[in-house]
Structures are given as C-alpha cells and as structure tokens.
Amino acid sequence: MTVIDHTEAGFLPISRAAEQLRVDAVRNRIATRLHDVATEIERAHKETTRIERSYGESTKVNITEIDDAMETNAAVQQQKQMVARSVENEQILGREQKVLRRLQPSPYFGRIDVVDPDGKESLYIGTGSMQDEDGEFLVYDWRAPIAGVYYNGVLGPVTYDTPGGKRRVELARKRQFRIQKGKITNLFDASETIGDAMLQDVLGQESGEQMQNIVATIQREQNSIIRDTTSQLLIVQGAAGSGKTAAILQRVAYLLYHDRHSLTSDQLLMFSPNRMFAGYISEVLPSLGEKNMIQTTLSEFLELRHAGIAVQSLFERYEIDQDGVPAATAAMRAHKESAAYMNAVREYALHAPHLHFIDIELDGRVFFSKETMAKIYHEQPQAMSAADKFAAVRKTLMRRLNLRIKMEASSDWVDDAMAGLTESQVRRYTKGEQFATGEDEVTAVARAVVAEKFAPVYTALYDDYFIDIYAQYRAFLDQHEQDVTTPDVWAEMARAYSRDVERHKLLLADAAPILYLRDLLTGSGENHAVKAVFIDEMQDYSPALLMYVHHAFPNANMTLLGDREQDVFGSSYKHGDATAAIAAAFPRLRSRVLELNRAYRSSRQITDFATALLPKNPGIQAFSRDGVMPRLELAPRSQLNQRLVQRAAELRARHPRVAIITRSAKEAAGLTLQLNEQAPELKAQLLDANATGVGTGLMVLPVYLAKGLEFDACIAWQVDQEHYGPKDGLILYTVATRAQHELLLLGTDTPDLLQGPIHAGLLVTNGTPDAAKLAPSD
C-alpha cells in the first residue's frame, strides 16, 4: 500500500484533517506489514527447524573412510551456514516487528519540509524507520542524519552531516505532533527549536514511575550532546530539571545507532547514583528499541574491587557528616580526593623501594615465602619500574611452580591418588589428548593431579594475592607525610587507617588511591572491552575517583553529567568549581564542556525560588510554565507532625506521586513510622538506599536519594533555623527542584536561609487562608 500524497505547493498539506489522513494511512501500512512479518517469522522458524533437523542427520554419515569424512565435513559446513542464515533472517524480522509495534500507536512526532536541488520533500520523524513497498521512507529514525535538521534547524538555509559530507538544504517548515492511539491530539508549527507549545503539553502532565524518552521534545542544546561522536571527555553541567539525564540516555541510543556495526550495549557502562535511579531510567532505552547498557553504582563498583573490605559509601559518609566535619578532616579528605594526590600515588608506584609481599600457603604450610619474593624483587635491575619488577616476581614464581609440579608428579601420594582414578576421571585429566605411549599418558595424568592439588597457589599468583596492597598504601601514607602541611594530623590519620583495615573497613577517600596503587604495581585492573562510560551526578565524584574510573576503562570515552549546585555530599568541604577541577584532571583527553541552563521540570515559580537559594547566580532560565507559588508553612513543634499529615493528604488528593524529603535517612525512617501510626490510610513508603524502584503514592526519602528523581509535589521537612543553616542552600535547592507542580516547606520558624530576596518568591503562612507571615513559637 502506498500512502496517499496530498500535495500543496509541492508539499504535503498543512491541514490537520489531511495530516490525520496520513497518520491513518501509515498505521494501516504498519498493520499490514505486521501481519506479513508475523507470517514470515513463522515460515522462517519452520525453515530453521527443518535445517537443524537436516543438519543432525548429516552428521550420521559413515566417517571411517577418508572420502566419506571429507564429504560429511563439507555437508556439515554447508548446513551450519544455512542455519546461521536462517537464524539471522529470523532476527532481522524480529527487529522489524519490534519497530513496527513501537510505531503503531504513534508513528511519528515531527515533520520537516525541505527544498534541495532535487526538488521538494516532506519528511516525517519518529522513533524508528519505516519504508513502503517501493523503498520510500514513510518515517525516518530520529537518529538519522537528516533528522538533525528537525532538532537544530531554523527555517531557512541549513546543513546536515551525511556519510558523503555536509549537505545544504532549505528548511521550509517544521511541524510537531502529539499522536496518541493513532489520533493527533496536538499539532504545532515552529520556526526554530521544538516549540514551547509542545513542551507545555508534555511537561504539564503528571510525573510517571519511570523516566520516558524525550525524542519528541529534544532541544537544540540537548541535541548537540546527543550527537557528539568526537569528544573523549564530554562534560555536561546542567541545572536541575534541564533534561541532562534524559539527553544522555538518548545519546546512548544515538551512539548505538551511529556505531551499530562496532558498538553493542554490552560495551557501555553507566554509573547511576543509586539502585532506585537505575530502575527509574530502565525503560528509556527499550522504548527506543535498544537494550539497556550495563549499570552499576559507585558503591557496587568499589565493593567489587575491594573484595572482603567494607568500603564507606557516599550515603554513609553524608550521614556522619551531619554531625559536622572538623576542619582537619575536611582538608585531608579534599587532599586525598584531588588529582594531585593520585599523581603522587602514580609517582610512588613507579619507583616503590620495596613491596609488602604475603606468604603463599598450601594446606597451612608456606609454599612461597614473602622473603623469597622480596629477594627476587630486589634482584631485578635498578632501572626497572616497580610494576616490571613485580611482573618478574610473578613470572619467576610461576616457573618455579611448574617445576615443582613436575618434581612432585613422581611422589608416592600421587601414585596412590592415581591408583584410585576411574576411567572418566582419567579422561577429565587428559582432556581427550592422544599420547604416543602409555608412559606419556601416565606422566600427563600425574602432573594434572599435582596441578589440581596446587591450584590455590596458581590462583594466588594469577590474581596477585601475594601482595598486601593495604600495607603498601600505608607505606605510601608514611612517605607522603613529608609532603603535607600538618604531618602530625596526617600521622594520626594513617594510624586510624590501619585500625580500620584491621576491622576490614575503609574510608571512601582511600578507596580509589588504593585501587590505583594496586593496579599500577600489578599491571591489573583494566577492562579494555568497555568503549563508553557514562557517569550521572558527576559532582558526587572526586577527581581521584574519576581518574580511577578512566584508568579502569582505558578504551572508553567518558560522558559526565551533573549539577554543581546539587553537590549535597561535598558542600561542607569542597571549594571551587567542580566542573573545572574535573576537566583539569584529564589534560590529555579531547574534552568538551556543555551547559544546560534552562530548567524544564518545575513550574516557573518553583524554579525561580530554587534558583534564588544559590549563592551565585548561575543563569538558570525557568521554563514558562506557570504554577502555584512555593510556600513555607509554620507551626508550633507540637503540631508539626499533625500538620504534615494534613498537607500530605491534601497533596495526595491532587497528585499521584508526592514525596516528603528529609535531611537524613534516620529522619526519613523515623518519620515514615510516625506517619503510618498516625495516618495508616496514607500508606507512607520509605525509600532507602536498598530501594530498587519508585512507585506511586506518598514516599519518604532523604535528600541524597531524591537526586535525579521528580515528583508531582514535594514536602520539605523541618525547614527551620534548627535544621537548615545559612550554608545549606545547595541542599534545599536540591529538595525544591524535585517538585514539578507544588512545593511545600514545613517548619517551626523561618530560617535565615529564606530571608531577603528569597522571601519574595515564597508564600509564608501559618496554615490560614490569609497567609499571614507569622513565626509561631512552641
């Protein structure tokens, strides 16, 4: 079926009725093609089954004669190729079926009319490509080169990249659609970027349990992030609600499309701020027809690499920091998390004077002693690096292990062990190998028996278990003491570090430097398969952590995104611009820094209030979506909990997803218990560090777990003098920017933080309709 081409001055007509006719025609084509594809898949599956059955029969041919063996081998190879082709055909049809099903309810969301030397053409943009019987595109994939015109182009002359170079066209029209279940519900024309009318329509809706793709509303600045294929280090500084996370996920989908012949989702790794956020974004890529990439959190990554050691998490450290961070602790932490400190670790690892080796034991007896290892290490040429000397120790011990296996093979215990072997055990040891004589087979089995016995020694050598990296790091700390301004404080810190290690605990600030030291000394720890790393909430990562991640994945380009104004974890001790510090840590990478300053999530009133909380004006632009003014409601301490119950019930009556955000996890847990005792009908849900998803209803969570999430309405708990000091603007900013439509602050009095110009954007009330600016006392 060919879609009807109604023309008007060379273009498809502009009337809504005509556009609906085209939608209907395309959907009819989709339905027809889905039926055909289902039939073809069934036929292809039957063909695959037939070929596989035939393949099984082909292998039963007599192979005792050389001619028959050659003929059988040729037949088998031919059948293998046929099976592979048949399976590939099924897979191609399956992928087409998924695209068609995705397009069926909403075939496209955009249209561009272009003029070039070849004539005039109307092109429609959707989440996948689709062609008619003649091979003409009915819908272009949003990642196709021509689709860049839709996102970037201003009416008039435009250029876009093609495989053959840049191409110039005239953009005559840009149209946006909202199509639901095959019906056009909204239609807008825009002259530049995706129009505010479309955004108003999308952003005015209630939030969902999971993030949705934004392909229909990608802005020009987001598009430049998505289509960047040249930067080795792409840093995206974005205001809260600016769409940076969504843009990065579209970037992943774009890269998988752009490099589809050399890149798979298994070669992409994303660091999410927590497990809950990983679940929140889990449907974006599948909605675009791509598999989810590998996801982890910083805690999971560090715990895996520090096997057997409990590494302090960001969340645990934040909770401790609530009691205050001593100046000396803050200074040491900032030093350990700097790029300069990691460079000092590298210099130490290059020429470590001695290594802290560990005895390798077998059955409770020393197999290779640490003294032997140290002797081999010091026998190496002076000019060799520490890592090369370590490799020489491993190689020498491996050689000695193999010699011991040969010598031990003639021992009496081996003879006794072999006497009891069954035929199947012998086959397992020989692995099907053919031997010239029986004596050769006996020797091979004997050595295999010994090798199995000595396997723990081999594992210790292969996995570098013969170096005490934690003692080695302590040696580095002692040497580094001379480079710090407070050696006495540093020495006490080093002693505290040793005490923690004895208890199998490790502070977060030491986690990356230790891993870096281990990898540099042992030549291990690098994953060369990962080609791209994405880190969300980059402000939570120190330069030291980011340098280690880059070291661990040396072949990967890095995309970092975050908001310096949401530095909840480091606001108490970090100074300076985190974005600049990160860029400076990677001077050799081809880097690019982009900023997203337009905030889309919250209403204009909420965004303006939140922006006023920041110590410096970051130039954040509120999207022009009006809402209700944020309000601070004051109540005596004895009435605060009851007021919370009342307001939470009112907000839940208006919105499906309401969050109560506290300063700490302890507060969140206690408050959830109180709410469920006072008002069980509210069904308050506690979201903690172990939560894996965000649902609907009333949720209670600490501020650091709320980052990256959004809710219809938010209640900031205990915003008063006692709980929010003058320096807590970043924390309250993070809380406020979680709200899409309504923001309520509850407290006993007005904190200094909310005085001055900020007060003008806030409705202060004691809960009565006149909203009098009262400050009740207990």
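Count residues from 1 along the sequence. A quick note: this is a predicted structure, and the numbers were derived from the prediction, not measured.
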Visitor: Taking all heavy atoms of T672 and all of A684, pick out the closest pair and write down the distance.
Guide: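 T672 and A684 have their closest heavy atoms at CG2-O, 3.8 Å.
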Visitor: Which class fits the ring pair F301 and F553: parallel under 30°, tilted 30 to 60°, perpendicular over 60°?
Guide: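 Aromatic pair F301/F553 classed tilted.
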Visitor: Does the side chain of S664 pick up a donor-acceptor pair with the side chain of Q322 at under 3.5 Å?
Guide: no
Visitor: Is there a side-chain contact between L745 and L754 in this structure, where contact means two heavy atoms from C-beta onward sitting under 4.5 Å apart?
Guide: yes
Visitor: With a 4.5 Å heavy-atom cut-off, do D540 and K707 have their side chains touching?
Guide: yes
Visitor: Pick out which of E371, M373, E379 makes a side chain to side chain contact (heavy atoms under 4.5 Å, CB included) with K375.
Guide: E379
Visitor: One pair to check against side-chain contact (heavy atoms from CB on, under 4.5 Å): I225 and I248. What are the steps and the verdict?
Guide: CA-CA 7 Å; I225 294 169; I248 293 303; 3.8 Å; yes
Visitor: Hydrogens and angles aside, do R474 and S498 bring a side-chain donor and acceptor to less than 3.5 Å of each other?
Guide: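 Per modelled atom types, R474 and S498 side chains form a pair under 3.5 Å.
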Visitor: Which of these passes side chain to side chain contact (heavy atoms under 4.5 Å, CB included) with F476: H480, Q479, Q472?
Guide: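 By the side chain to side chain contact (heavy atoms under 4.5 Å, CB included) criterion, F476 pairs with just one of H480, Q479, Q472: H480.
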Visitor: When you check the gap from the basic side-chain N to the acidic O, do R495 and E492 get nearer than 4.0 Å?
Guide: yes
Visitor: If you look at every heavy atom in Q312 and L508, which pair is closest and at what distance?
Guide: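 The answer is OE1-N, 3.1 Å.
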Visitor: Before giving the answer on ring pair (Phe, Tyr, Trp, His ring centres under 6.0 Å), spell out for Y497 and Y470 the whole-Å C-alpha distance, their side-chain angles and the decisive distance to 0.1 Å.
Guide: CA-CA 9 Å; Y497 157 78; Y470 298 99; 7.3 Å; no
Visitor: Can you measure from CD1 (I715) to CD1 (I661) and round to the nearest 0.5 angstrom?
Guide: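 One finds 10.0 Å between CD1 of I715 and CD1 of I661.
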Visitor: Looking at side-chain heavy atoms only, is the closest gap between Y541 and L314 below 4.5 Å?
Guide: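 Side chain of Y541 against side chain of L314, heavy atoms only: no contact under 4.5 Å found.
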Visitor: How many angstroms lie between NE2 in H306 and CD1 in I469, if you round to the nearest 0.5 Å?
Guide: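 Answer for the NE2-CD1 pair, H306 versus I469, is 9.5 Å.
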Visitor: Looking only at side-chain N and O atoms, does Q539 offer a donor or acceptor that is under 3.5 Å from a partner on D563?
Guide: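 No pair is found: no donor N or O on one side chain lies under 3.5 Å from an acceptor on the other.
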Visitor: Scan L560, L249, I281, T245 and name whichever one has a side chain to side chain contact (heavy atoms under 4.5 Å, CB included) with D536.
Guide: T245
Visitor: Less than 4.0 Å between a side-chain N and a carboxylate O, is that true for R317 and E337?
Guide: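 Result for this pair is yes, salt bridge flagged.
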Visitor: Take atom CD of Q382 as the centre, draw a 6.0 Å sphere, and report whether it contains more than 12 heavy atoms from other residues, nucleotides or ligands.
Guide: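 Atom CD in Q382 is not crowded, with 12 or fewer foreign heavy atoms closer than 6.0 Å.
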Visitor: When you check the gap from the basic side-chain N to the acidic O, do R333 and D321 get nearer than 4.0 Å?
Guide: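 Judged by the 4.0 Å cut-off on N to carboxylate O distance, R333 and D321 do form a salt bridge.
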Visitor: Could you measure the distance from the NE2 atom of H354 to the NE2 atom of H378? Nearest 0.5 Å is fine.
Guide: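 Here the interatomic distance stands at 7.5 Å.
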Visitor: Indicate the atoms forming the closest heavy-atom contact of A689 with F315, along with that distance.
Guide: CB-CD1, 3.8 Å
Visitor: Check for me whether the distance between the ring centres of H550 and F586 falls short of 6.0 Å.
Guide: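 H550 vs F586: aromatic centres under 6.0 Å.
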Visitor: Measure the CD-CG distance between E361 and D359 for me, rounded to the nearest 0.5 Å.
Guide: 6.0 Å
Visitor: May I ask you to decide whether R637 forms a salt bridge with E722, counting only side-chain N to carboxylate O separations under 4.0 Å?
Guide: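 Looking at E722 together with R637, the answer is yes, because their closest N to O distance falls below 4.0 Å.
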Visitor: If the plane angle is over 60° it's perpendicular, under 30° parallel, otherwise tilted; pick one for W490 and H335.
Guide: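 Correct class here is perpendicular.
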Visitor: May I ask you to test the N641-L675 pair for a side-chain heavy-atom distance under 4.5 Å?
Guide: no
Visitor: Between I758 and L753, what is the shortest heavy-atom contact and its length?
Guide: CD1-O, 3.2 Å
Visitor: What pair of heavy atoms forms the shortest contact from L269 to T296, and how long is it?
Guide: CD1-CG2, 3.9 Å
Visitor: Tell me whether R601 is salt-bridged to E710, with the criterion being a basic N under 4.0 Å from an acidic carboxylate O.
Guide: yes
Visitor: Residues two or more places apart in sequence or in another chain: which of them pass side chain to side chain donor-acceptor pair (under 3.5 Å) with T522?
Guide: S524
Visitor: Does R305 make a cation-pi contact with Y548, if we ask for NZ or CZ under 6.0 Å from the ring centre and within 45° of the axis?
Guide: no
Visitor: Atom CG of L521 and atom CG of D388: how far apart are they, to the nearest 0.5 Å?
Guide: 11.0 Å
Visitor: Passes ring pair (Phe, Tyr, Trp, His ring centres under 6.0 Å), F466 versus F390? Steps please.
Guide: CA-CA 10 Å; F466 58 101; F390 180 85; 4.9 Å; yes
Visitor: For the residue pair Y462 and Y458, categorise the inter-ring angle as parallel (less than 30°), tilted (30 to 60°) or perpendicular (more than 60°).
Guide: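 Y462 and Y458: parallel rings.
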Visitor: Using side-chain heavy atoms (C-beta onward) and a distance below 4.5 Å, is D510 in contact with Y473?
Guide: yes
Visitor: Which atom names give the shortest non-hydrogen contact between Y733 and A240, and what distance separates them?
Guide: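 Looks like OH-N, 3.3 Å.
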Visitor: Does the side chain of F277 come within less than 4.5 Å of L705's, by heavy atoms?
Guide: no
Visitor: Using a 6.0 Å distance limit plus a 45 degree cone around the ring axis, check whether K336 lies over the aromatic ring of Y341.
Guide: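 That pair does not qualify as a cation-pi contact.
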Visitor: Should the heavy atoms of other residues, nucleotides or ligands under 6.0 Å from CZ of R503 be counted, would the total exceed 12?
Guide: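 Yes - once you tally the heavy atoms of other residues, nucleotides and ligands closer than 6.0 Å, there are more than 12.
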Visitor: As a test of understanding, state which of R251, K244, Q237, E537 forms a side chain to side chain contact (heavy atoms under 4.5 Å, CB included) with L561.
Guide: K244
Visitor: Flag the pair N690 / R275 as yes when at least one side-chain heavy-atom distance between them is below 4.5 Å, and no otherwise.
Guide: yes
Visitor: Does a side-chain heavy-atom distance below 4.5 Å link N292 with E283?
Guide: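 SC-SC contact between N292 and E283 ruled out.
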